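Here is the structure we will look at.
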Amino acid sequence: MKSEPDVFSFADLKARPGQKEPWDGVRNYQARNYMRDDMKVGDRILFYHSNTNPPGVAGVAEVASAPYADPTAFDQKSKYYDPKSDPENPRWMLVEVKYKEDLKRLVSLEEMKAMPELSDMRVLQRGNRLSITPVTKLEFEAIRKAGKVSA
DNA sequence: GCCAACGTTGGC
DNA sequence: GCCAACGTTGGC
């Protein structure tokens with residue numbers, strides 16, 4: 001799951017251990033579908049920092065709730081407000097996440113690109129802009145392992 | 001700040 | 001249903 005650390009960082013999540021944070025504001029259907037259909041409580045998450053230098057995986061989080069309607073879609077004061085989302089039939093869904101585990105260091109995008117295990121990873125494909133993508137167990141473990149050893 | 005890539009919108 | 005225009009993402 002991607003986040004801009006200026007908006008919400010892994011350190012922000014870690015600062016509230018055990019607390020569930022709603023992953024709100026997703027306004028892309030594919031990303032929504034992954035949260036709604038594929039994420040289960042307890043699933044581990046690679047928390048990726050985008051739009052920062054360097055971008056990369058900052059830590060491990062965990063899915064902490066079943067999917068439910070994103071309340072910011074109904075909030076006229078929210079920048080994520082969507083007048084077309086009907087509360088009776090919500091267009092946007094989210095899951096809550098919580099802090100899981102530290103890495104010793106950030107695994108940078110550059111480093112990920114050089115890892116052969118990650119050659120098919122969605123987030124590394126050209127032009128990928130999805131903020132949420134599925135990760136295979138192999139990909140997950142390769143990144144986690146890299147982050148567990150000092151550079 | 002630039003710009004390629006991509007998703008969405010809306011006229012037709 | 002097509003597609004041009006537009007807005008956004010995100011690496012660099």
Side-chain angles (χ1 to χ4, degrees), chain A residues 1-15 21-39 43-64 67-136 138-151:
Chain A
M1 299 176 91
K2 288 186 202 171
S3 181
E4 298 186 25
D6 291 345
V7 179
F8 187 70
S9 70
F10 185 69
D12 294 332
L13 186 69
K14 191 190 170 185
E21 302 287 342
W23 200 266
D24 58 20
V26 169
R27 295 294 178 267
N28 172 283
Y29 288 102
Q30 246 185 301
R32 177 207 64 185
N33 292 349
Y34 288 133
M35 287 197 288
R36 187 189 62 190
D37 304 333
D38 297 331
M39 296 174 87
D43 284 353
R44 288 178 297 171
I45 299 162
L46 295 170
F47 195 115
Y48 180 92
H49 284 175
S50 65
N51 260 315
T52 186
N53 189 17
V57 172
V60 179
E62 174 180 354
V63 177
Y68 61 89
D70 182 343
T72 63
F74 311 127
D75 177 2
Q76 291 196 37
K77 294 193 218 61
S78 170
K79 66 185 253 196
Y80 301 121
Y81 176 61
D82 180 359
K84 285 181 259 182
S85 184
D86 173 7
E88 296 300 313
N89 184 21
R91 177 180 292 201
W92 303 116
M93 309 285 285
L94 58 74
V95 296
E96 292 171 344
V97 307
K98 67 180 182 184
Y99 168 78
K100 172 77 172 177
E101 180 184 50
D102 273 342
L103 298 177
K104 277 190 176 159
R105 60 190 185 82
L106 182 115
V107 180
S108 71
L109 176 61
E110 183 183 21
E111 185 177 353
M112 288 164 65
K113 284 177 175 169
M115 294 168 63
E117 305 96 307
L118 306 184
S119 58
D120 293 330
M121 192 172 176
R122 286 281 293 278
V123 81
L124 301 184
Q125 303 309 310
R126 174 186 160 83
N128 172 70
R129 296 190 323 169
L130 266 186
S131 61
I132 300 174
T133 53
V135 175
T136 68
L138 193 78
E139 290 161 353
F140 182 94
E141 293 302 343
I143 290 167
R144 179 175 176 275
K145 191 174 162 193
K148 284 288 179 181
V149 297
S150 307

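As the structure is a computational prediction, the values presented were derived from the model and not from experiment. The chains referred to below are lettered A, B, ... by the order of the sequence lines, with proteins before strands, and numbering in each begins at 1.
Taking a 4.0 Å limit (strictly below) on heavy-atom distances, residues 44-58 of chain A reaches DNA chain C at A:Tyr48, A:Ser50, A:Asn51, A:Pro55.
Mapping A:Gly127 and A:Arg91 onto DNA chain B by nearest heavy atom places A:Gly127 at the nucleotide closer to the 5' end.
More than 12 heavy-atom neighbours from other residues, nucleotides or ligands sit within 6.0 angstrom of NZ on A:Lys148.
Ring centroids of A:Phe10 and A:Tyr99 are separated by less than 6.0 Å, placing the two rings close together.
Proximity of A:Glu139 to A:Arg122: side-chain heavy atoms (C-beta onward) are nowhere separated by under 4.5 Å. Between A:Val63 and A:Ile45, some side-chain heavy-atom pair lies under the 4.5 Å cut-off.
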Hey, can you pull the donor-acceptor pairs under 3.5 Å for the side chains in residues 26-33 of chain A, sequence neighbours left out?
from: A:Arg27; atom 1: NE; to: A:Tyr80; atom 2: O; distance (Å): 3.1
from: A:Arg27; atom 1: NH1; to: A:Asp70; atom 2: OD2; distance (Å): 3.0
from: A:Arg27; atom 1: NH2; to: A:Asp70; atom 2: OD2; distance (Å): 3.4
from: A:Arg27; atom 1: NH2; to: A:Thr72; atom 2: OG1; distance (Å): 3.0
from: A:Arg27; atom 1: NH2; to: A:Tyr80; atom 2: O; distance (Å): 2.9
from: A:Asn28; atom 1: OD1; to: A:Gln30; atom 2: N; distance (Å): 3.0
from: A:Asn28; atom 1: OD1; to: A:Ala31; atom 2: N; distance (Å): 3.0
from: A:Tyr29; atom 1: OH; to: A:Arg91; atom 2: NH1; distance (Å): 3.2
from: A:Arg32; atom 1: NH1; to: A:Arg91; atom 2: O; distance (Å): 2.9
from: A:Asn33; atom 1: OD1; to: A:Arg36; atom 2: NH2; distance (Å): 3.3
from: A:Asn33; atom 1: ND2; to: A:Tyr29; atom 2: O; distance (Å): 3.4

Before you tell me yes or no, could you show the steps for A:Glu96 and A:Tyr68 under side chain to side chain donor-acceptor pair (under 3.5 Å), namely the whole-Å CA-CA distance, both residues' side-chain angles and the distance that decides it to 0.1 Å?
CA-CA 9 Å; A:Glu96 292 171 344; A:Tyr68 61 89; 2.7 Å; yes
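Taking 4.0 Å as the cutoff to heavy atoms of chain A, we find the contact window on DNA chain C bounded by C:dG7 to C:dC12.
Ring orientation note: the planes of A:Phe47 and A:Phe8 are tilted relative to one another, at an angle of 30° to 60°.
In terms of modelled atom types and a separation under 3.5 Å, the side chain of A:Gln125 and the main chain of A:Ser119 share a donor-acceptor contact.
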